[in-house]
Amino acid sequence: DTATIAAGMGDVRVRIIANPGSGIVDALNTALQYSTGEFVARCDADDEWEPGHRRILRDVLLQDANVVAVFGAAKLIGADGRYAGTSTPPEESALPAALLRKNPLTHGAVMARRSAVLGCGGYRHIDGAEDYDLWLRLLAVGEIATSDQIVYSYHLSNRESHGRKRRVQARSSLGLLIEHALRTGQF
């Protein structure tokens, strides 16, 4: 149990915070509100940050104040526990156009400026596409950098191939793209 492990760490930087809402979006926004650092990053319970994750991504953010977020590559781990490939983000120059087609970014392979995430409203309740929504809104307030270095291990699961979830994500993503196009004039 995560709370027991965290409590046993003996590290004053680790706090257990009850989620006042329900679901991933409320949990992420609660974490943002309680965080105090300049940069924020997330990791799902069944995934792992690779060695160097924080240093690699933080160094990119420290080099350029116009960069509001940076994405690294993710090692994909199949439901059987075996290596299943690598998800590498598009090059920075190609990222805006790529984001208008689909979400090519892995949520756990990001580090962002906390002020930028809070400034654009944090995570919103967008069924199956809350990350994609945030990336589009961050792109509107600053630059997003990318790195081809593997910083995250993302565990695929059988539930992710479930047809209903994919349809919900597709419907939500289409709505986000329409909203983004109306807000920015990019079609």
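On a predicted model such as this, the values are computed, not experimentally measured, just so you know. Counting begins at 1 with the first residue of the sequence.
Across I150, D148, L76, a single residue satisfies side-chain contact (heavy atoms from CB on, under 4.5 Å) together with T86, and that is I150.
Here ring-ring contact (aromatic ring centres under 6.0 Å, His included) pairs that include residues 99-133, with residues two or more places apart or in two chains, are H107-Y154.
Within the 3.5 Å criterion, the main-chain N or O of C43 finds no donor-acceptor partner in the side chain of D47. Distance alone, capped at 3.5 Å, places no donor-acceptor pair between the R113 side chain and the V40 backbone. Side chain of D64 to backbone of N66: a donor-acceptor contact under 3.5 angstrom is found. The backbone N or O of T146 sits less than 3.5 Å from a side-chain atom of E92, completing a donor-acceptor pair.
Residues L139 and L99 share a closest heavy-atom pair of CD2-CD1, 3.8 Å.
Atom CH2 in W49 sits 12.5 Å away from atom CD1 in I56 (nearest 0.5 Å). Between the CE atom of M111 and the CG atom of D59 there is a distance of 9.5 Å, given to the nearest 0.5 Å.
F39 is not listed as a side-chain neighbour of R114, based on a closest heavy-atom distance of 4.5 Å or more.
For R42 and D131, the salt-bridge test passes: some basic side-chain N is under 4.0 Å from an acidic carboxylate O.
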Could you walk me through whether E50 and S153 satisfy the side-chain hydrogen bond (donor to acceptor under 3.5 Å, both in side chains) test, starting with their C-alpha distance in whole Å, then the side-chain angles of each, then the deciding distance to 0.1 Å, before giving a yes or no? CA-CA 7 Å; E50 291 291 315; S153 288; 2.3 Å; yes
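Classified by interplanar angle (parallel below 30°, tilted 30° to 60°, perpendicular above 60°), the ring pair Y152/H53 is tilted.
Take R15 and apply the salt bridge (Lys or Arg N to Asp or Glu O under 4.0 Å) test, not counting sequence neighbours, and it matches no residue. Legend: residues meeting side chain to side chain contact (heavy atoms under 4.5 Å, CB included) with I126, ordered by chain and number and at least two apart, are R124, A129, D133, S172, L176.
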